[in-house]
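For reference, the structure discussed in these notes is given below.
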Amino acid sequence: MMERKLVVINDRNEKTFEKTITTAGSDGAEFSPLNGIGTDGTNAMQWTGYFFKGKPPVAFGFMVQSFGCPSITFLDKNEKDFTINCDNRH
């Protein structure tokens, strides 16, 4: 099992959100390389910002699923993760 911690900090250097992302329970999942760290710049996998009208900002693209479907994390603890329906057959 591997894990990473996602921490969002505002412009006043205050932590506004924190979540542990783990590969536990995921069959064949792995972490995506972080944008700009250890990549050649072509691996733009992560995205953060406003995605759904009237909802808090989101973050996604930190894990690659081998089997199963990815999810979108709302940067608000009152919102549950949104699992994307997909067809990930091999």
Side-chain angles (χ1 to χ4, degrees):
M1 172 185 79
M2 294 178 61
E3 60 184 37
R4 285 186 180 163
K5 190 167 294 242
L6 170 64
V7 178
V8 178
I9 298 173
N10 66 16
D11 58 354
R12 293 177 303 280
N13 209 27
E14 301 165 334
K15 185 180 355 176
T16 61
F17 181 82
E18 182 175 336
K19 179 182 180 175
T20 300
I21 302 170
T22 180
T23 60
S26 300
D27 189 18
E30 60 185 45
F31 290 111
S32 299
L34 295 175
N35 291 347
I37 300 175
T39 67
D40 60 5
T42 61
N43 200 7
M45 302 289 285
Q46 291 87 35
W47 196 85
T48 61
Y50 290 92
F51 198 66
F52 299 104
K53 186 177 181 177
K55 293 285 191 178
V58 301
F60 61 90
F62 293 93
M63 280 184 54
V64 176
Q65 301 288 336
S66 180
F67 298 96
C69 300
S71 63
I72 296 173
T73 298
F74 286 98
L75 301 181
D76 181 334
K77 293 207 181 248
N78 296 321
E79 296 279 346
K80 292 185 179 185
D81 286 359
F82 180 80
T83 301
I84 298 169
N85 292 325
C86 69
D87 185 352
N88 199 357
R89 292 179 276 185
H90 295 278

### Message
Using every non-hydrogen atom in the two residues, find where Ile84 and Cys69 come nearest and quote the distance to one decimal.
### Response
O-CB, 2.9 Å
### Message
Can you tell me how the ring of Phe74 sits relative to the ring of Phe52, calling it parallel under 30°, perpendicular over 60° and tilted otherwise?
### Response
tilted
### Task
Ignoring hydrogens and angles, tell me if any N or O in the side chain of Thr73 forms a donor-acceptor pair with the backbone of Val58 under 3.5 Å.
no
### Message
Please say yes or no: joined through hydrophobic side-chain contacts below 4.5 Å, possibly via intermediate residues, are Leu75 and Ile9 part of one cluster?
### Response
no
## Note on the structure
Taken to the nearest 0.5 Å, the spacing of Thr48 OG1 from Phe60 CZ works out to 9.0 Å
### Message
Whether the side chain of Thr22 engages the backbone of Glu3 through a donor-acceptor N/O pair (distance < 3.5 Å, no angle test) should be reported.
### Response
no
### Task
Can you sort out the partners of Asn13 under side chain to side chain donor-acceptor pair (under 3.5 Å), two or more places apart, ordered by chain and number?
none
### Minimum-distance pair of heavy atoms, taken over all atoms of Pro57 and Tyr50
CD-CE2, 3.5 Å
### Task
Report the C-alpha separation of Lys19 and Asp81 in whole Å, then their side-chain angles, then the decisive distance to 0.1 Å, and conclude whether the side chain to side chain contact (heavy atoms under 4.5 Å, CB included) test is met.
CA-CA 11 Å; Lys19 179 182 180 175; Asp81 286 359; 2.4 Å; yes
### Message
Tell me if a side-chain donor or acceptor on Lys77 pairs with a main-chain N or O of Glu18 at a distance below 3.5 Å.
### Response
yes
### Message
Measuring from atom CD1 of Ile21 to atom CG of Leu6, what distance do you get when rounded to the nearest 0.5 angstrom?
### Response
5.0 Å
### Query
Going only through I, L, V, M, F, W and Y residues with side-chain contacts under 4.5 Å, is there a path from Val7 to Phe62?
no
